[in-house]
Amino acid sequence: MKNTTSPVQVGDFAIGSSNFVVMAGPCSIESLDQFSETANIVKEYGATILRGGMFKLRTNPETFQGMGREAFDIAREVKKRTSMPFISEITDPRQVSDMAELVDVFQVGSRNMHNYALLKELGHVKKPVLLKRGFSGLISEWLLSAEYIVKHGNPNVILCERGIRTFETATRNTFDVNAIAFVKQNSNFPIIADPSHGTGATALVTPVALAAAAAGADGLIIEVHPRPSEALSDGFQALTPEMFKELMIKLERVLNALDRKIEKPQ
Ligand code: PEP
Ligand code: MN
């Protein structure tokens, strides 16, 4: 089947072209040292876009809610040191103007796929938007959420499959690999995979990442922490630096078999 994906440009990288783009970093920015250390690691092993949450939407209000605006200076400094484009989640339309100077991609989290006020606001900026699938969102609803952003003026939407809620409880979510193949065949939006939230278990991230790549994903977003047991959020699904390195080696093999390659850092 012909690839009809319209690529979305993030810095020097075109997401949705033949090259595969890897985004990686910690679930949350915790300190300058932690974010800088993680960024150096993921860059060394071949990630091209850096992730790091600043505003966290946590199920439990008693848990770490992210550093918020205190993380802005840290993110700015690490971006400068690594020259990597930066993706971070926006949780409120009022954050758009402040975040626009800092992020290269706005991430809309699973819990906000139906937040039409936020989607409309992101239509007014030209920055790319990574739209995660709501954990109870139909693919049809997800594609319509993407159209909200496009209709309001921003065509630069990248979809992200991050697992859905099913009757299965053995894993945090059920990664829907069907969605990857379906979106590639029935939509023009690029789609990347988040096997970290899709599985919720460190040991399952690599096999599911490889499956997503084989199914035609345009890239991955992976949570990595230098010391997962010390992470302030989602440590149970973070890859260690060593595991991330292994994933990148295996990923290259899978993509090579499909005549594709990983986008390399500049
Ligand atoms: C995240 O990326 O850290 C996150 C909160 O993801 P999701 O919105 O998919 O739960
Ligand atoms: Mn997370």
Side-chain angles (χ1 to χ4, degrees), residues 22-30 34 38 42 47 51-66 87-91 107-115 130-139 141-142 145 158-183 191-215 217-244 246-248 250-251:
V22 178
M23 311 180 183
C27 178
S28 299
I29 295 177
E30 300 170 359
Q34 170 258 9
T38 314
V42 300
R51 70 152 282 152
M54 304 187 292
F55 300 103
K56 302 301 300 178
L57 291 177
R58 308 297 304 283
T59 305
N60 182 345
E62 300 303 326
T63 57
F64 178 62
Q65 303 285 304
I87 175 168
S88 196
E89 182 170 352
I90 178 162
T91 57
Q107 177 176 321
V108 174
S110 188
R111 289 158 187 80
N112 273 324
M113 188 197 90
H114 296 286
N115 184 341
L130 182 82
L131 178 63
K132 287 200 168 194
R133 181 178 181 184
F135 48 69
S136 297
L138 298 178
I139 295 175
E141 294 168 334
W142 186 23
S145 288
I158 304 156
L159 301 175
C160 177
E161 163 61 36
R162 52 76 74 204
I164 51 174
R165 187 164 280 183
T166 67
F167 58 79
E168 183 55 71
T169 56
T171 52
R172 185 183 189 185
N173 291 294
T174 298
F175 184 83
D176 184 8
V177 76
N178 297 10
I180 304 281
F182 184 90
V183 165
I191 179 164
I192 71 161
D194 174 353
S196 305
H197 296 85
T199 63
T202 300
L204 303 179
V205 171
T206 295
V208 173
L210 299 178
D218 296 301
L220 293 173
I221 183 162
I222 304 285
E223 289 187 344
V224 177
H225 197 287
R227 291 162 295 281
S229 64
E230 294 173 19
L232 298 182
S233 61
D234 287 354
F236 48 81
Q237 65 191 32
L239 295 191
T240 61
E242 200 49 44
M243 291 169 127
F244 181 66
E246 278 286 306
L247 163 61
M248 294 300 282
K250 290 181 177 166
L251 182 63

Find the distance between CG (L130) and CD1 (I90) and round it off to the nearest 0.5 Å.
13.0 Å

Distance (rounded to the nearest 0.5 Å) between R111 CZ and T91 OG1:
11.5 Å

Side chains of L210 and L251 in contact at under 4.5 Å (non-hydrogen atoms):
yes

Quick check for you: to the nearest 0.5 Å, what is the distance between S88 atom OG and Q107 atom CD?
7.0 Å

Taking all non-hydrogen atoms of both residues, which atom of P195 and which atom of V205 are closest, and how far apart?
CB-O, 3.7 Å

To the nearest 0.5 Å, tell me how far E230 CD sits from E30 CD.
8.5 Å

With the side chain counted from C-beta on, respond yes when T63 and Q65 share a heavy-atom pair under 4.5 Å apart, and no when they do not.
yes

Any side-chain heavy atom of F135 within less than 4.5 Å of one from M113?
no

Which atom pair, heavy atoms only, marks the closest approach of G134 to I164?
O-CG2, 4.1 Å

For the student: nearest non-hydrogen atoms of E62 and N60, plus distance
N-OD1, 2.8 Å

Heavy-atom distance under 4.5 Å between the side chains of V224 and M243, does that happen here?
no

Check whether any side-chain heavy atom of T202 sits under 4.5 Å from a side-chain heavy atom of P228, and report yes or no.
no

I'd like to know if the side chain of S196 reaches the main chain of I222, judged simply by a donor and an acceptor atom lying under 3.5 Å from each other, with no hydrogens or angles considered.
no

Looking only at non-hydrogen atoms, find the nearest pair between K132 and G109 and report the distance.
CB-C, 4.0 Å

Give the intermediate values and the outcome of side-chain contact (heavy atoms from CB on, under 4.5 Å) for residues V42 and V22.
CA-CA 9 Å; V42 300; V22 178; over 6 Å; no

Closest approach of Q237 and G200, non-hydrogen atoms and distance?
OE1-CA, 3.3 Å

Expected output: side-chain N112 to main-chain N115 donor-acceptor under 3.5 Å
no

Taking the side chain as C-beta and beyond, is there a heavy-atom pair between S233 and R58 under 4.5 Å?
yes

Ignoring hydrogens and geometry, is there a side-chain-to-backbone donor-acceptor pair from T174 to G163 under 3.5 Å?
no

From the list I139, D194, D176, V177, side-chain contact (heavy atoms from CB on, under 4.5 Å) partner of E161 resolves to D176

Heavy-atom pair with the smallest gap, counting every atom of R165 and S136
CB-OG, 4.3 Å

Could you state the interatomic distance from CD1 (I221) to CD1 (I158), rounded to the nearest 0.5 Å?
9.5 Å

Are any non-hydrogen side-chain atoms of I191 and F182 less than 4.5 angstrom apart?
no

Hey, are the side chains of F175 and L204 touching, using non-hydrogen atoms and a 4.5 Å cut-off?
no

Inter-residue atom distance I192.CD1 - L220.CG, 0.5 Å rounding
7.5 Å

Presence of salt bridge, R172 and D234, under 4.0 angstrom
yes

Donor-acceptor pair, Q34 side chain versus S28 backbone, under 3.5 Å?
yes

So does E223 pair up with R51, basic N to acidic O under 4.0 Å?
yes

